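Because the structure is a prediction, the values reported are computed rather than measured. What you see below is based on every heavy atom in this structure, not just the backbone, and it leaves out hydrogens, waters and symmetry mates.
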Amino acid sequence: AAAAAALACAGLAEAAVDAALAAEPALLTVDPSRLSSVLDALVGAGVGGADAAALVAAWPRVLLKSPADVGAKARFATQFLGCPPRALARSPALVFNRRLPTVLAPRFAFVKDRAPALAARVAPATLLRSSDADFAAQCGASAAEYEEFKAWWAAGVGGELAASLEAAGV
């Protein structure tokens, strides 16, 4: 009952609450304050109201993630990548199940640096649906070139990002 109340407070209609709890029964065992913390993290990242409700309805498992992790990934997607908050509901697992410092950020840094024209014509989710080798091929690079870029990136900006995320508990 407490989990249902927390989901209702997120803006989910009764039918959506029932569907979310049926899809993720583990939500029934989570402290409602933790659910609220995840929802607050989404709001803090600019994903609130109807957008947060759509995200939770599409993928209730997001509420089982760490609030800090959810907030960081939602901010990255909306503020750095410029994804509209509503777009997160279309492929939430691709964003919230990927590691930010080792998958999400280096892929988008690579596109920005090596294939900027690709960023304009390919949806961000498309770039996350593949292996590193397939991703590199989409960008017109070899798997070795992308691995070299990832190592270079991890030694600089990526290392700083990973350290700041670790310090924030992500």
Note: A50 and R86 closest approach over all heavy atoms is O-NH1, 3.0 Å
Given the rule in the side-chain contact (heavy atoms from CB on, under 4.5 Å) test, do L128 and F108 qualify, once you have shown the distances and angles that lead to the verdict?
CA-CA 10 Å; L128 297 172; F108 289 98; 3.9 Å; yes
Which is it for S142 and E148 under the side-chain contact (heavy atoms from CB on, under 4.5 Å) test, yes or no, and what are the steps along the way?
CA-CA 10 Å; S142 70; E148 182 180 312; over 6 Å; no
Residues two or more places apart in sequence or in another chain: which of them pass side chain to side chain contact (heavy atoms under 4.5 Å, CB included) with A109?
F149, W153
Chi angles and distances behind the side-chain contact (heavy atoms from CB on, under 4.5 Å) call for R107, V111:
CA-CA 6 Å; R107 284 195 180 195; V111 168; 5.8 Å; no
Solution key, residues 34-47 side-chain donor-acceptor pairs under 3.5 Å, sequence neighbours excluded:
from, atom 1, to, atom 2, distance (Å)
R34, NH2, K65, O, 3.1
S36, OG, P32, O, 3.2
S37, OG, S33, O, 3.0

Closest approach of A26 and L64, non-hydrogen atoms and distance?
CB-CD1, 4.1 Å
Side-chain touch E24/L63, heavy atoms, less than 4.5 angstrom
no
So which atom in D134 and which in S130 form the shortest heavy-atom distance, rounded to 0.1 Å?
CB-CB, 3.6 Å
Enclosure of R61 CZ (heavy-atom neighbours >12, cutoff 6.0 Å):
no
Ignoring hydrogens, what is the shortest heavy-atom contact between V95 and K73? Give both atom names and the distance.
O-CD, 3.5 Å
Just one of L27, V17, D51, V62 clears the side-chain contact (heavy atoms from CB on, under 4.5 Å) bar with V56, so which one?
V62
Any side-chain heavy-atom pair from W59 and N97 closer than 4.5 angstrom?
yes
Provide the closest heavy-atom pair for R129 versus S91 in the form atom of the first, atom of the second, distance.
NH2-OG, 3.2 Å
Would you say that C139 contacts F110 through its side chain, given a criterion of any heavy-atom pair below 4.5 Å between the two side chains?
yes
Nearest-0.5 Å distance, CZ of residue F76 to CZ of residue R98:
13.0 Å
